[in-house]
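Predicted, not measured: the structure shown is a model, and the values here were computed from it.
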Amino acid sequence: MNNEPFAALGKLDVPAPDAGAKARALAAGTAAFEVAREEQAKKMQRAAKGKSWRERLKSIVPTFQGNWIMDMRLPVATAAMALLLLPLGYQLLTTTSMTPTTIPQQAAAPTAPEPVETREEALADADTAEMPVSAPAMTANRAKTAVTAQSGAAAPAQDIEAIPSPAPMAPSLMATGVIAPSPAEASGDAFTRFNEQPVKAVAEAPVSTFSVDVDTASYSYVRRMLEEGQVPQPDAVRIEEMINYFPYGYPEADSAEAPFAPTVALYPTPWNPATRLLHIGIKGYEPPATEDKPSNLVFLIDTSGSMDSPDKLPLLKRAFRLLVEQLTDNDTISIVTYAGSAGVALEPTSAREKAKILSALDSLWSGGSTAGAEGIELAYRLAEEAKVEGGINRVILATDGDFNVGISDPDELEDYIKAKRDSGVFLSVLGFGTGNLGDDTMQSLAQNGNGQASYISNFREAQKVLVEEIGGTLETIAKDVKIQVEFNPALISEYRLVGYETRALNREDFNNDKVDAGDIGAGHTVTAIYEVTPTGSEGALIDPLRYGSAETTTSGASNEYAFLRMRYKLPDGDVSQLIETPVTAEVTYETMDEVPADMRFAAAVAAFGQKLRGSDYAGDMSWQAIRSLAQSGRGADDAGYRAEFVGLVDLAASLKPDR
């Protein structure tokens, strides 16, 4: 055993004793000891009363027979713990970094409680106090330094990086001066860091280009945090994923050859009366139920030690049971696990052998480290061996996002998945649990694998993703879908895309078929919302250029607010197709009452996401106003998802009240 750390601690100067702390610690220890002694005396009296002389002798002459000795274990243990905690409590109160630098003496008369210093002040005190720092304090200081380095203000605005949320502090009584954790401080889940979309002047940058996004992981994660009484960290709130979590009744496409058509509208902004919202919606083609396309699915399941939690591997197995029940005899299932090493839990097996597949699922257990990359290589090999031409070939990765071993270079791993994507085998990712959720890794892998990233927070979410939306989860009807909007400076002076921060593309990427973009599954709906400022509005945020052109010329019709272009490829195609449509006065609504219910609800979700993440553009819209707007757009809501959202607005209002 290495005793050097303890020897070093032994050489530290002993801090000056604090009489007040010592008195409180002694009083607490004495009180605990007296309570334990009284309980022990009562126990012995009850044990002796009414017993025969043989039984009463057992309280004096110990024997190792019978169960009488068990009666003594609780009070004796209580007394022992009290004696042990007495010096320990004094040591903690006088030497740890959690103790305030000064503790006021007890006054004879009752006084108002001292204000508790903030977590930031406590960390600053631990850094600057001229006294020996204990090991927990040094750990806290290192954590603080790491967080500061990751979130420094000097970072460029366009930088995007993955940052973990801070680990929670140990809870304690406020009377001791120890700082309790904020509900917003969740576990060490990692999310891609991004800056909010800025307002842009049409005169300077009239064209906006981005990739579509059908992921829904953000909404499911945010819902879980709110239901657990925590405010999610801002980078966990991706507004486009929250909007796209809900299905919308946009017009359906007629055939797989033209898998979608855009729906556009222009209506008032609920959080800013000086602007308007440009709403773009599409719904992917949904094959008829009679079409039974064969599927070759490989379940790549994380069985590492970090998955040993009820909301991880046990929930994962129940979720995959739902998926197996949806498959037909045309489908093939394989199961690959990874922990200390990758292994095949089930060779490619026809879905008609459901008992065999379910038995393989039930036999999985968690343990070992994580070798995600090795598991991915093995899963793709099985997928290629059982590949079905003209069918669905997909690896479904289920993990908490913990990739500790294997291919250490993220770029190398992404390149590997891209190469396999080009061979016709796609990748989807299902995230589970909290504590070390690697959301940033999951998003990256799904984007590069032409798949969707979902977060399975509970069994109901598993049913939504793997039963109700199984077509969109498994079957891709369009890939590399890009959207480009050109605004008319004669009618629109400014614009801002709501969300899609991690999906931005360069203008030249729109016509470059080699640039990867988002993919749409069967029946998926995708929504994008721009906040636009009409020309001449008093709500403009950007002053006109002093030396800019005084005249505005447009090549399109004067009544066009914008021109929408979309590009996509068919699942087996390499050349993109183009869709174009103008945004004219014919699609405008003057009041929110005239706006279709689906669009009102989407606007409510956008307002909710902005307010929750603390957007600079959220305006003064209250939680109650957001709730009322969402209620007005609930519509039929057969599955109850919109009613659930209204409940989340109420939770957010209680956790983060209006000022």
Taking all heavy atoms of [X] and all of [Y], pick out the closest pair and write down the distance.
{"X": "Lys283", "Y": "Tyr248", "result": "CD-O, 4.2 Å"}
{"X": "Pro534", "Y": "Arg276", "result": "CG-CD, 4.1 Å"}
{"X": "Ala597", "Y": "Ser632", "result": "CB-O, 4.4 Å"}
{"X": "Met592", "Y": "Arg600", "result": "O-CD, 3.2 Å"}
{"X": "Phe487", "Y": "Val202", "result": "O-CG1, 3.6 Å"}
{"X": "Tyr617", "Y": "Pro198", "result": "OH-CA, 3.8 Å"}

> Passes side chain to side chain donor-acceptor pair (under 3.5 Å), Ser444 versus Glu414? Steps please.
Replying inline: CA-CA 8 Å; Ser444 176; Glu414 291 178 7; 2.4 Å; yes
Pair [X] + [Y], salt bridge at N-O below 4.0 Å:
{"X": "Glu644", "Y": "Arg460", "result": "yes"}
{"X": "Lys354", "Y": "Glu325", "result": "no"}
{"X": "Arg642", "Y": "Asp598", "result": "yes"}
{"X": "Arg193", "Y": "Asp235", "result": "no"}
{"X": "Asp650", "Y": "Arg627", "result": "yes"}
{"X": "Asp658", "Y": "Lys611", "result": "yes"}
{"X": "Asp215", "Y": "Arg503", "result": "yes"}
{"X": "Arg224", "Y": "Glu228", "result": "yes"}

For a 4.5 angstrom cut-off between non-hydrogen side-chain atoms, does [X] reach [Y]?
{"X": "Val498", "Y": "Gln610", "value": "yes"}
{"X": "Pro251", "Y": "Thr263", "value": "yes"}
{"X": "Ile301", "Y": "Leu364", "value": "yes"}
{"X": "His279", "Y": "Thr527", "value": "yes"}
{"X": "Leu648", "Y": "Glu227", "value": "yes"}
{"X": "Ile529", "Y": "Ile243", "value": "yes"}
{"X": "Leu445", "Y": "Ile417", "value": "yes"}
{"X": "Ile520", "Y": "Val212", "value": "yes"}

> Out of Thr581, Ile483, Val526, which one pairs with Pro262 under the side chain to side chain contact (heavy atoms under 4.5 Å, CB included) rule?
Replying inline: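 Result for side chain to side chain contact (heavy atoms under 4.5 Å, CB included) with Pro262: Thr581.
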> Going through the distances and angles, do Asp292 and Thr328 end up as a side chain to side chain donor-acceptor pair (under 3.5 Å)?
Replying inline: CA-CA 8 Å; Asp292 187 11; Thr328 67; 3.2 Å; yes
Kindly say whether [Y] contributes a backbone atom to a donor-acceptor pair with the side chain of [X] at under 3.5 angstrom?
{"X": "Ser220", "Y": "Tyr455", "result": "yes"}
{"X": "Lys479", "Y": "Gly573", "result": "yes"}
{"X": "Ser218", "Y": "Ala236", "result": "yes"}
{"X": "Arg496", "Y": "Val199", "result": "no"}
{"X": "Lys482", "Y": "Asp509", "result": "yes"}
{"X": "Ser654", "Y": "Leu651", "result": "yes"}
{"X": "Ser622", "Y": "Ala625", "result": "yes"}
{"X": "Ser537", "Y": "Ala274", "result": "yes"}
{"X": "Asp189", "Y": "Leu437", "result": "yes"}
{"X": "Asn488", "Y": "Glu560", "result": "yes"}

With a cut-off of 6.0 Å (strictly less than), are more than 12 heavy atoms of other residues, nucleotides or ligands near [atom1] of [X]?
{"X": "Glu580", "atom1": "CD", "result": "yes"}
{"X": "Lys200", "atom1": "NZ", "result": "no"}
{"X": "Asp362", "atom1": "CG", "result": "yes"}

Could you tell me if [Y] and [X] have a donor-acceptor pair between their side chains, going purely by distance under 3.5 Å?
{"X": "Gln484", "Y": "Thr209", "result": "yes"}
{"X": "Gln452", "Y": "Ser428", "result": "no"}
{"X": "Thr192", "Y": "Asp440", "result": "no"}
{"X": "Ser295", "Y": "Arg394", "result": "no"}
{"X": "Thr216", "Y": "Glu241", "result": "no"}
{"X": "Tyr495", "Y": "Thr533", "result": "no"}
{"X": "Asp593", "Y": "Thr591", "result": "no"}

>> In this structure, is the centre-to-centre distance between the rings of Tyr568 and Phe260 below 6.0 Å?
In response: yes
> What about the rings of Tyr219 and Tyr245, do their centers lie closer together than 6.0 Å?
Replying inline: yes
>> Could you go through Ser306 and Asp400, starting from their C-alpha distance and side-chain angles, then the distance that decides it, and tell me whether this counts as side chain to side chain donor-acceptor pair (under 3.5 Å)?
In response: CA-CA 8 Å; Ser306 63; Asp400 61 359; 2.8 Å; yes
>> If you apply the rule side chain to side chain contact (heavy atoms under 4.5 Å, CB included), what do you find for Phe645 with Val605, and how did you get there?
In response: CA-CA 8 Å; Phe645 171 78; Val605 179; 3.9 Å; yes
> Should Tyr285 and Glu475 be marked as a side chain to side chain donor-acceptor pair (under 3.5 Å) after you check the CA-CA gap, both sets of side-chain angles, and the distance that decides it?
Replying inline: CA-CA 11 Å; Tyr285 170 74; Glu475 184 173 1; over 6 Å; no
>> Let's go through Thr434 and Met225 carefully: what are the C-alpha distance in whole Å and the side-chain angles of both, what is the deciding distance for side chain to side chain contact (heavy atoms under 4.5 Å, CB included) to 0.1 Å, and is it a yes or a no?
In response: CA-CA 10 Å; Thr434 59; Met225 290 294 101; 3.9 Å; yes
> Which word best sums up how the rings of Phe210 and Tyr500 line up, parallel for under 30°, tilted for 30 to 60°, or perpendicular for over 60°?
Replying inline: tilted
> Could you state the interatomic distance from CG (Leu300) to CG (Leu297), rounded to the nearest 0.5 Å?
Replying inline: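 One finds 13.0 Å between CG of Leu300 and CG of Leu297.
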> What is the distance from atom CG of Asn450 to atom CG of Asp519, rounded to the nearest 0.5 Å?
Replying inline: 4.0 Å
>> Among Phe601, Trp623, Phe246, Trp271, which residue satisfies the ring pair (Phe, Tyr, Trp, His ring centres under 6.0 Å) criterion with Phe608?
In response: Trp623
> Which residue, Asn244, Asp439, Thr502, forms the side-chain hydrogen bond (donor to acceptor under 3.5 Å, both in side chains) with Arg238?
Replying inline: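 Single side-chain hydrogen bond (donor to acceptor under 3.5 Å, both in side chains) partner of Arg238 among Asn244, Asp439, Thr502: Asp439.
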>> Can you see whether Phe426 has Arg421 sitting over its ring - NZ or CZ less than 6.0 Å from the centre and within 45° of the normal?
In response: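 No, cation not above the ring by the 6.0 Å, 45° rule.
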